[in-house]
2 protein chains.
Amino acid sequence: MIRLSPTEENYLKAIFKLTEEAERPTATTNAIATEMNIAAASVTDMLRRLSEKELIHYEKYKGVRLEVSGRKIATALVRKHRLWEYFLVEKLKFEWDEVHDIAEELEHVRSDELVNRLDEYLGKPNFDPHGDPIPRADGTIPTRQLTPLSALKVGEHGILTGLQDHPDSLMRYLRKVNIGIGTKIQVLELHDFDESISIRIDDEKEMELSEKVSKNLLLKIS
Amino acid sequence: MIRLSPTEENYLKAIFKLTEEAERPTATTNAIATEMNIAAASVTDMLRRLSEKELIHYEKYKGVRLEVSGRKIATALVRKHRLWEYFLVEKLKFEWDEVHDIAEELEHVRSDELVNRLDEYLGKPNFDPHGDPIPRADGTIPTRQLTPLSALKVGEHGILTGLQDHPDSLMRYLRKVNIGIGTKIQVLELHDFDESISIRIDDEKEMELSEKVSKNLLLKIS
DNA sequence: TACAATTTTTAGACTGCTCTAAAAATATTT
DNA sequence: AAATATTTTTAGAGCAGTCTAAAAATTGTA
Ligand SMILES: [Mn+2]
Ligand SMILES: [Mn+2]
Ligand SMILES: [Mn+2]
Ligand SMILES: [Mn+2]
């Protein structure tokens, strides 16, 4: 296996996120540039080089997708990232909105043995603190059937199991109102004026959620 | 506090090792180059830049030493390095000869909160798996009174508490013959032909050690 | 003290990754 | 289909960090 720089790894990860995780066939130069906060010209340059190394399939003006070798590296990175997030939350007691940036650095530490032992130490978890699946050593990815809270009808309920997107701002908000992975949420009322909804949390507190929030909460229906 | 690249951090760490840890007033360009496996010309270049940032005191041809700000960064790095080594051995069950290279990468992860929580999680250890002192958050460094095994007389004994140098080859050898930090060692015989010695390990097994090994074992006399 | 050996610095070049500005290609609208 | 807008690539440059070769300074020795 070739040794890539953290920078190259980050490009592969961005492409993975924009294709496989977004369920799109290819990623565009601009999308990668935006995702990585970088100029489009820099992306073009790197795509040429990653293509040279046969990690991606790239044709000028036609977008890009991962080759098998590139996907392998990307899933390994995502695996490391999410295992470290799990470690930070479960062992070091960080909050779920504090761990992403640290994991962003930890994911580039190179040692297969380290990942394996960490996985073992953590009890081979399948999902990270944000509910995202942790790719397995063989590259396969755990799946579940999740429904956005916004799609539920009055009276229905489920367990919060994942987030559509997870900006820190959303996670901080949820933390403040005591909603997290594992929280039971029941729909009490739908307000069709602004698509906001009234819910009951863990069979206790009632509160309102905006449409934007309810679309972001993914539930396992129970 | 300024943000340095991993490379700049590594230079500061090398200078720290060659001055404070080696109990020398200054480090030479060549010594740094050798320590870091890098050309002397590259070192000169970087010294100019670190000097510009007031992290080191450097005069052409006269060697270099750390400024207060540089020392602070260096001790923080050593602290992180050794805490991670402790984590790898105590929690992930790595052997003491397997952790240095991994810690070399982990030490560059930037998060004060991470170091603090790791320290807490590990029980604020004072020494790493090789017996080296772990600098505290305030920059002070735990000390002990240690004696090389080679300086002991027949009949004397002590507990192995540190190593003078610790190349992997030495650590693997010690592991194979069941000597590690905490092992009780008693001197049975001195062979003045080659300065080798006969010892008893943990009041059980007897064996011979070469002069080179016995000079490297630092004991707390008991 | 002068010559030789060693160490250190300078000069100049290269790679990886980034940028801005401009050109080219593609997509959208009229 | 032509004009316009958008996206992508190319061109050219800069910075950090590295190298080798050569020059300069320092140190050791005759
Ligand atoms: Mn994350
Ligand atoms: Mn996550
Ligand atoms: Mn080490
Ligand atoms: Mn150590």
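Treat the numbers as computed from the prediction; the structure is a model and nothing was measured. In the text below, chain A, chain B and the rest are named by the order of the sequence lines, each starting its count at 1.
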Does [X] have more than 12 heavy atoms from other residues, nucleotides or ligands lying within 6.0 Å of its [atom1]?
X: A/D112; atom1: CG; answer: no
X: A/K91; atom1: NZ; answer: yes
X: A/R24; atom1: CZ; answer: no
X: A/K220; atom1: NZ; answer: no
X: B/E54; atom1: CD; answer: no

If the plane angle is over 60° it's perpendicular, under 30° parallel, otherwise tilted; pick one for A/H130 and A/H166.
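Taking A/H166 first and then A/H130, their aromatic rings sit tilted (interplane angle of 30° to 60°).
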Rounded to the nearest angstrom, tell me the gap between atom [atom1] in [X] and atom [atom2] in [N].
X: A/M36; N: C/dC19; atom1: CE; atom2: C1'; value: 15 Å
X: B/L50; N: C/dT9; atom1: CG; atom2: P; value: 13 Å
X: B/K53; N: D/dA16; atom1: NZ; atom2: P; value: 7 Å
X: A/L4; N: C/dG16; atom1: CG; atom2: C1'; value: 13 Å
X: B/M46; N: D/dC19; atom1: CE; atom2: P; value: 11 Å
X: B/E52; N: D/dG17; atom1: CD; atom2: C1'; value: 17 Å
X: B/L47; N: C/dT10; atom1: CG; atom2: P; value: 11 Å
X: A/I38; N: C/dC17; atom1: CD1; atom2: P; value: 10 Å

Taking B/W84 for the side chain and B/I102 for the main chain, is one N or O donor matched with an acceptor at less than 3.5 Å?
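Not at all, since once roles are kept as given, no pair shorter than 3.5 Å links the two residues.
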With a cut-off of less than 4.0 Å, is there a side-chain N or O of [X] near OP1 or OP2 of [N]?
X: A/S5; N: C/dC17; answer: yes
X: A/T44; N: D/dT9; answer: yes
X: B/R49; N: D/dC15; answer: no
X: A/S42; N: C/dC17; answer: no

Testing A/L50, A/T44, A/I15, A/T26 one by one against A/Y58 for a side chain to side chain contact (heavy atoms under 4.5 Å, CB included), which residue passes?
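Of the listed options, the one satisfying the test is A/T44.
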Quick check on contacts: within residues 6-31 of chain A, what sits under 4.0 Å from DNA chain C by heavy-atom distance?
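Correct list: A/T7, A/Y11.
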Please compare B/A40 and A/A41 by the position of their nearest nucleotide in DNA chain C and report the one closer to 5'.
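On the 5' side of the pair lies B/A40.
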I'd like a list of close polar pairs between nucleotides 25-29 of chain C and the protein, N/O only, cut-off under 3.5 Å.
{"unit_1": "C/dA25", "atom_1": "O4'", "unit_2": "A/Y61", "atom_2": "OH", "d": "3.3"}

Can you spot which of A/R136, A/K124, A/K80 makes a salt bridge (charged side-chain N to carboxylate O under 4.0 Å, His left out) with A/D119?
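Testing A/D119 for a salt bridge (charged side-chain N to carboxylate O under 4.0 Å, His left out) against A/R136, A/K124, A/K80 leaves exactly one candidate, A/K124.
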